[in-house]
Amino acid sequence: MPGMLKIIFGNLFKKRATRLYPFEKRAPFENARGSMDFAHMENCIFCNLCAKNCPPKAITVDRANKRNALDPLRCIQCGVCAEACPKKVIEMRGQYNEPCYAKRTHVAAQVVKCAQTPPEQK
Amino acid sequence: MVKSTITFGPQHPVFPEPIQFILKVVDEKVVLAEPQIGYVHRGIEKAFELNDPKDNIFLAERICGICPAPHTTAYVRGVESLMGIEAPPRAKYIRTIMNELNRIHSHILWAGLLGDAIGFESYFMQTWNYREKVLDAIEKISGHRVTYAMNAIGGVRRDMTNEQLRGLEKTMDYVESSLENIEDVMKDYTIKKRTQGIGILTEEEARRDGAVGPTARASGISQDLRTSGYDAYGDLKFEPVVVNNCDSYGRFAVRWQELKQSIDLIRQCIVKMPSGEILTKSNNPMNGEAISRVEAPRGELFYYIKGNGSKKLERVKVRTPTFANIIPTVTMLSKGCQVADVSVIVLSMDPCISCTER
Ligand code: SF4
Ligand code: SF4
């Protein structure tokens, strides 16, 4: 019984063990593969290596319009594209993707940054 | 005697995964159990033939959400032997560490699920809380908590820094002390009442039905593929954990001791970690057949890989440990257990249905 009381009072004044998730996020670990990002698009030479190496084929490289697109719901955050890119365009960010309501619109909105011409508004 | 039929699963509160047992019951006693599987078949073996062999690593990883490390290890070891290459020593040690971390988290997960099946919810909460620290350690090393993506054909993709090794050591200390906290559960009267003498599988039956892994080792069969010395296991000192209880309690005890063994193996790996390369690159054609077996947390995992010299593999066959353990489970169930014990017996072999059906 005294042991139990100790635990009860200890728990009353202890810090919360859980996190209020969407408002309070844990800082990602170093090197975590949370999501993939075309971070330095200005360096991209549209060599198609990222798209060729991507296991689920989530990347499309559009050389004519100078833009790359990622289907974030196909991407498995493996980081192969970041390793394959000769110009270090792609970076793996630590933070995971936000949950989304609709598959299609989210995918279209993710047509990523481009080098020269801005993407059409979708 | 009137026989009635009870269908147990596929959606059942205590089953983490979809498997169905059709139980023939007389009074409260089960006299016959028929397993039904096939609820989560995804055709992954066929997909292996359509993809590039190096993309298949990520596919093998997704066969099972609990043991990605043994699946990818078995796959890359098979492909490596087809290509006639070998991973460098450091890569082998890193693979071994990932496999053992995988075993620790899988066994803790299982202990929690067993507590849940018995009705001991706070045990479930505590064990999964400790498991979280193991997953964090995995994420710090590999970048992801569930799909590690560490293995590559010819080695591993990420090296481990010295800080990571020190951090891993600390995590192991933490896990060891937290397991000591909850070790007394094994001596608890209620736990013994629910597991001792329940789900008997004698050594003879285990051999006849082809049980693998902790299920076999709890029946007194000293069978652990790690003793064959693949990867770094040849350099490490350990003995397979064997107990002779032959019941659910024995399977609990085997896994509990294996947790400690895995912690010890990881410590040995940290001390003996060689330096050097982590990847052997090769473009050799894949020709011929290869068999690769590793010890997954649930038992022997078997990969058969056939190449025909072209860019793609001709056939990949996967036999997972749970598949081998289904027949022994039927034997355990059909011995006249109580309906209330069915969940404990089925859980005691640690079913993982999503990898069984691929
Ligand atoms: S691999 Fe790099 S440089 Fe080549 S297309 Fe992809 S992002 Fe651009
Ligand atoms: S992280 Fe992997 S899956 Fe995602 S885009 Fe890059 S290569 Fe493809």
Side-chain angles (χ1 to χ4, degrees), chain A residues 3-4 6-8 10-11 14-21 24-37 39 48-60 70-86 88 90-97 99, chain B residues 44 47-48 50-63 65 68 72 75 122 125-126 128-130 132-153 155-161 163-164 167-168 171 178 181-182 184 278-279 281 311-312:
Chain A
M4 218 156 110
K6 211 172 112 197
I7 292 176
I8 291 173
N11 281 343
K14 235 178 26 199
K15 226 176 80 212
R16 209 177 30 229
T18 47
R19 226 174 284 122
L20 296 172
Y21 167 63
E24 222 179 283
K25 284 181 188 156
R26 188 198 70 184
F29 292 126
E30 205 188 338
N31 298 330
R33 292 175 283 121
S35 51
M36 166 286 200
D37 186 21
N48 206 24
L49 274 179
C50 51
K52 204 165 141 247
N53 281 295
C54 172
K57 307 281 170 266
I59 303 178
T60 22
L70 169 76
D71 180 346
L73 294 176
R74 274 192 91 90
C75 174
I76 55 170
Q77 285 100 29
C78 60
V80 169
C81 51
E83 275 172 27
C85 177
K88 301 275 162 272
I90 300 172
E91 267 178 15
M92 297 307 288
R93 280 183 289 130
Q95 200 62 56
Y96 291 93
N97 282 334
Chain B
I44 288 187
F48 269 114
L50 307 176
N51 287 336
D52 192 86
K54 75 177 168 12
D55 296 350
N56 279 342
I57 302 170
F58 302 100
L59 191 61
E61 192 152 57
R62 280 157 181 79
I63 288 180
T72 50
Y75 174 74
S122 61
M125 182 195 80
Q126 289 296 352
W128 281 48
N129 182 18
Y130 301 143
E132 212 49 37
K133 287 285 179 297
V134 184
L135 292 181
D136 282 354
I138 292 174
E139 183 169 358
K140 279 178 197 158
I141 297 167
S142 71
H144 210 291
R145 43 184 265 143
V146 178
T147 46
Y148 316 150
M150 281 294 271
N151 285 327
I153 295 171
V156 290
R157 287 176 59 203
R158 285 183 174 217
D159 204 352
M160 280 178 80
T161 60
E163 287 97 77
Q164 278 173 336
L168 185 57
T171 312
S178 22
N181 280 346
I182 50 174
D184 282 349
I278 55 163
L279 195 62
K281 289 222 166 94
K311 285 226 164 78
K312 292 187 177 159

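Letters A, B, ... are given to chains in the order of the sequence lines, protein chains preceding strands, and every chain is numbered from 1.
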> With the threshold set at 4.0 Å, does a side-chain nitrogen-carboxylate oxygen contact exist between B:Asp52 and A:Lys57?
Replying inline: no
> From A:Phe29 CZ over to B:Ile141 CD1, what is the distance, rounded to the nearest 0.5 angstrom?
Replying inline: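 Interatomic distance, A:Phe29 CZ to B:Ile141 CD1, rounded to 0.5 Å: 11.0 Å.
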>> Please report the interatomic distance CD(A:Gln77) to NE2(B:His144), rounded to the nearest 0.5 Å.
In response: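 A:Gln77 CD to B:His144 NE2: 5.5 Å, rounded to 0.5 Å.
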>> Among B:Lys54, B:Arg158, B:Arg157, which residue satisfies the salt bridge (Lys or Arg N to Asp or Glu O under 4.0 Å) criterion with A:Glu83?
In response: B:Arg157
> What are the two closest non-hydrogen atoms of A:Arg33 and B:Tyr148, and how far apart are they?
Replying inline: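 Minimum heavy-atom contact is NH2-O, 2.8 Å.
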>> Does B:Lys311 have more than 12 heavy atoms from other residues, nucleotides or ligands lying within 6.0 Å of its NZ?
In response: no
> Side chain, backbone, both or neither: which part of B:Glu132 has a heavy atom under 4.5 Å from chain A?
Replying inline: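 For B:Glu132, there is no contact with chain A at all, as no heavy atom is under 4.5 Å.
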>> Report which part of B:Asp136 has an atom under 4.5 Å of a heavy atom belonging to chain A: side chain, backbone, both, or neither.
In response: both
> Do the side chains of B:Arg62 and A:Ile76 get nearer than 4.5 Å, heavy atoms only?
Replying inline: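 A side-chain contact under 4.5 Å exists here.
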> Do the side chains of A:Asn31 and B:Gln164 get nearer than 4.5 Å, heavy atoms only?
Replying inline: yes
> Per the side chain to side chain contact (heavy atoms under 4.5 Å, CB included) rule, which among B:Asn51, B:Ile57, B:Asn56, B:Asp55 passes with A:Pro55?
Replying inline: B:Asp55
